[in-house]
Amino acid sequence: MKILFFGTPRFAEIVLQGLIDSEFKVVGVVCQNDKPAGRGNKLVSPHIVSLAKANGLPVYQFEKLKDHIEDFKTMDYDLAVTASYGKILPKAFLDIKPCINVHPSLLPKYRGATPIQTALLNGDKVTGVTIMKTEVGMDDGDIFVQEKVEILPEEDYVSLLDKLASVGLRLLLDTLKKIEDGTSVRTPQNHDEATFVKLIQKEDGFLDFSQTTESLVNKVRAFVESPVAHFYVGGDLIKVYKAQIGQFAEQAEVGQIVKTKKKLFVKAQDGFFEILRCQASGGKVLNVVDFLNGYHFKAMVVDR
RNA sequence: CGCGAGGUAGAGCAGCUCGGAAGCUCGCCGGGCUCAUAACCCGGAGGUCACAGGUUCAAAUCCUGUCCUCGCAA
């Protein structure tokens, strides 16, 4: 079975790698356009482009799929697979060949672009992966298979994404086999139970210490890749990559910074938010011990 | 040429304005103290101050160029 793959970020990369290694033949990769990024605003290709090229696969980066329907019609493939492609596929494309999607949530829960972050933000203990038919509506197609995945307390966006992607890959390969055999079965979603996730804005990463330590830690876990949980002290930006609910028996005002030789806390609504890994502007991401060795606090209360 | 910060012991930083013996914290090695610690004391090893030129009696420090890292914006 020849597969045309649609996907852009890391989640898609993991799935694509698995497909390449499988018995199925990937005939091409469609991903988003190169974008100006980083210092100098140089044009940067999505990571997945190098993976595709390293495996000799043609890469298609179309501004609008709608304008390339004829191109797709002439392509030699049997089935399209989407995984975090990042764009809605037009009906004209979906009408050409069947298309299935890998979605990292227990649909109909968490439809949309940020299911993994949302599960972490909400402090969920369980999430999952769903293989479903790609339709015009957002993540509302019939379900082939779904599997629960436990979220461990120390898990963050990156580790959870890896776990979900590898489960998703296994389920996808399973489903592809069944489709090939003609034994696949799919059931409609219960649309009444559907929930939708929000897109993430940069300011969503701001740590407001009037919130609970648990919600702050969840924010760190969810946003570790982007936009990264952060706050300001004395005008300096501090990004937090790893944190936990701290154990510290002292009184302090909300937003006050408390440090010992090897530990760094910020008082939050209901306790101490302990920073384990962070970064100041211009510096590298550091474990808290290294950070404390050199960083000079310009204030001992976070900026509002 | 989008804006900005930085490269100094294994790690994180200070020193640079105003040129004149390489310093702090952590780690490491050795010793000591304590019922105990989110601890403490003594000693030790470890650095071509990113690289290359230039100015000077003298450069981590001033000037020029190169390489690398990071924050912002998009």
Side-chain angles (χ1 to χ4, degrees), chain A residues 8-10 31-50 61-64 84-87 113-114 117 154 156-158 198-209 213-214 216-217 219-304:
Chain A
T8 304
R10 181 174 169 74
C31 69
Q32 297 212 23
N33 284 335
D34 295 0
K35 285 179 184 165
R39 291 172 284 274
N41 288 326
K42 295 191 184 75
L43 225 50
V44 173
S45 300
H47 250 212
I48 200 164
V49 171
S50 49
Q61 292 170 287
F62 297 139
E63 181 65 37
K64 284 187 177 175
S84 303
Y85 173 57
K87 286 186 179 180
T114 59
Q117 294 94 325
E154 67 273 17
D156 66 14
Y157 175 77
V158 174
K198 291 185 297 185
L199 284 177
I200 292 163
Q201 311 293 331
K202 199 151 270 188
E203 54 272 24
D204 292 335
F206 181 73
L207 294 168
D208 174 358
F209 290 100
T213 49
E214 187 183 350
L216 293 166
V217 169
K219 198 171 256 196
V220 172
R221 296 202 290 153
F223 295 157
V224 68
E225 186 170 88
S226 168
V228 187
H230 58 272
F231 63 95
Y232 297 86
V233 215
D236 283 0
L237 169 67
I238 307 289
K239 290 180 161 191
V240 184
Y241 288 85
K242 194 173 179 192
Q244 66 184 14
I245 296 171
Q247 302 300 320
F248 195 74
E250 258 187 38
Q251 291 298 312
E253 298 295 314
V254 166
Q256 189 180 331
I257 289 167
V258 180
K259 59 180 179 134
T260 68
K261 217 152 207 171
K262 296 179 185 175
K263 294 190 178 187
L264 176 60
F265 306 91
V266 182
K267 178 69 170 64
Q269 184 201 91
D270 62 339
F272 285 90
F273 173 79
E274 180 174 0
I275 295 170
L276 299 174
R277 206 167 152 71
C278 63
Q279 175 187 40
S281 298
K284 294 180 178 173
V285 179
L286 298 174
N287 290 322
V288 70
V289 173
D290 294 328
F291 180 79
L292 287 170
N293 273 336
Y295 185 75
H296 304 289
F297 283 92
K298 297 192 182 85
M300 291 312 285
V301 179
V302 302
D303 302 347
R304 297 196 166 274

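Labels below follow one simple rule: chain letters A, B, ... track the order of the sequence lines, proteins then strands, and each chain is numbered from 1.
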Sequence neighbours excluded, the answer for side-chain contact (heavy atoms from CB on, under 4.5 Å) partners of Asp204(A) is Ile200(A), Gln201(A), Phe223(A)

Taking distance alone, no hydrogens or angles, what donor-acceptor pairs closer than 3.5 Å link side-chain atoms of residues 247-260 of chain A to residues at least two apart or in another chain?
residue   : atom : partner   : partner atom : Å
Gln256(A) : OE1  : Glu253(A) : N            : 3.0
Thr260(A) : OG1  : Lys262(A) : N            : 3.3
Thr260(A) : OG1  : Lys263(A) : N            : 3.0

Any strand counts, and the cut-off is 3.5 Å on both contacts for Watson-Crick or G-U wobble. Which nucleotide pairs with C33(B)?
none

A9(B) - base-pair partner by Watson-Crick or wobble geometry, distances under 3.5 Å:
none

Could you measure between the two P atoms, the one in U8(B) and the one in G4(B), and give it in whole Å?
23 Å

Any sub-3.5 Å donor-acceptor pair from Lys87(A)'s side-chain atoms to Glu63(A)'s backbone N or O?
yes

Please name the nucleotide paired to A14(B) by Watson-Crick or G-U wobble geometry with both distances under 3.5 Å, or report none.
none

Taking the side chain as C-beta and beyond, is there a heavy-atom pair between Asp156(A) and Lys242(A) under 4.5 Å?
no

Do any N or O atoms of the protein come closer than 3.5 Å to N or O atoms of nucleotides 14-16 of chain B, and which pairs are they?
none

Given side chains that start at C-beta, do those of Leu207(A) and Tyr232(A) come closer than 4.5 Å, heavy atoms only?
no

Within this structure, what is the CG-to-C1' distance between Asn293(A) and G10(B), rounded to whole angstrom?
12 Å

Mind checking the P distance from A58(B) to G19(B)? Whole angstroms is fine.
15 Å

Show me the pairs that pass side-chain hydrogen bond (donor to acceptor under 3.5 Å, both in side chains) and involve residues 285-296 of chain A, at least two apart or across chains.
Asp236(A)-Tyr295(A), Arg277(A)-Asn287(A)

With P as the reference atom in both, quote the distance from C57(B) to C42(B) in angstrom, rounded to an integer.
44 Å

Expressed in whole Å, how much space separates the C1' atoms belonging to A11(B) and G53(B)?
32 Å

Nucleotide A5(B), atom P - distance to CG of Asp236(A) in whole Å
13 Å

Over how many whole Å does the gap from Phe297(A) atom CZ to C13(B) atom P extend?
13 Å

Give none if U56(B) has no partner; otherwise give the nucleotide forming a Watson-Crick or G-U wobble pair with it, both distances under 3.5 Å.
none

Rounded at 0.5 Å granularity, tell me how far CD in Gln61(A) sits from CD1 in Ile48(A).
10.5 Å

Both distances below 3.5 Å, Watson-Crick or wobble geometry, any strand: find the nucleotide opposite A38(B).
none

Base, backbone or nothing for each nucleotide of nucleotides 39-47 of chain B, written B, S, -, heavy atoms under 4.0 angstrom, 5' to 3'?
SS-------

Pairing partner (Watson-Crick or G-U wobble, both distances under 3.5 angstrom) of G2(B)
C72(B)

Rounded to whole Å, NZ of Lys259(A) lies from C1' of G12(B) at a distance of 13 Å

Do nucleotides 69-74 of chain B as a string where each nucleotide becomes B, S or -: B if the base has a protein heavy atom under 4.0 Å, S if just the sugar-phosphate does, - if no protein is that close.
SBBBBB

Pairing partner of G46(B) (Watson-Crick or G-U wobble, both distances under 3.5 Å):
none

Could you tell me how far C51(B) sits from G44(B) if I compare only their P atoms? Round to whole Å.
28 Å

For C51(B), what is the paired nucleotide under Watson-Crick or G-U wobble rules, both distances under 3.5 Å?
G65(B)

Taking U48(B) as the reference, what is the distance to G43(B) when you measure between their C1' atoms (whole Å, please)?
28 Å

Rounding to an integer number of angstrom, what distance separates A50(B) and C70(B) when you compare their C1' atoms?
15 Å

Measuring only between side-chain heavy atoms, which start at C-beta, is Phe231(A) closer than 4.5 Å to Ile275(A)?
yes

Using atom C1' of each nucleotide, how far apart are G54(B) and G15(B) to the nearest Å?
24 Å

Report the distance from atom NZ of Lys263(A) to atom C1' of U37(B), rounded to the nearest whole Å.
12 Å

Here the pair of heavy atoms bringing Ala268(A) nearest to Thr213(A) is CB-CG2, 3.8 Å

Phe291(A) vs Ile238(A) side-chain heavy atoms within contact, under 4.5 Å:
yes

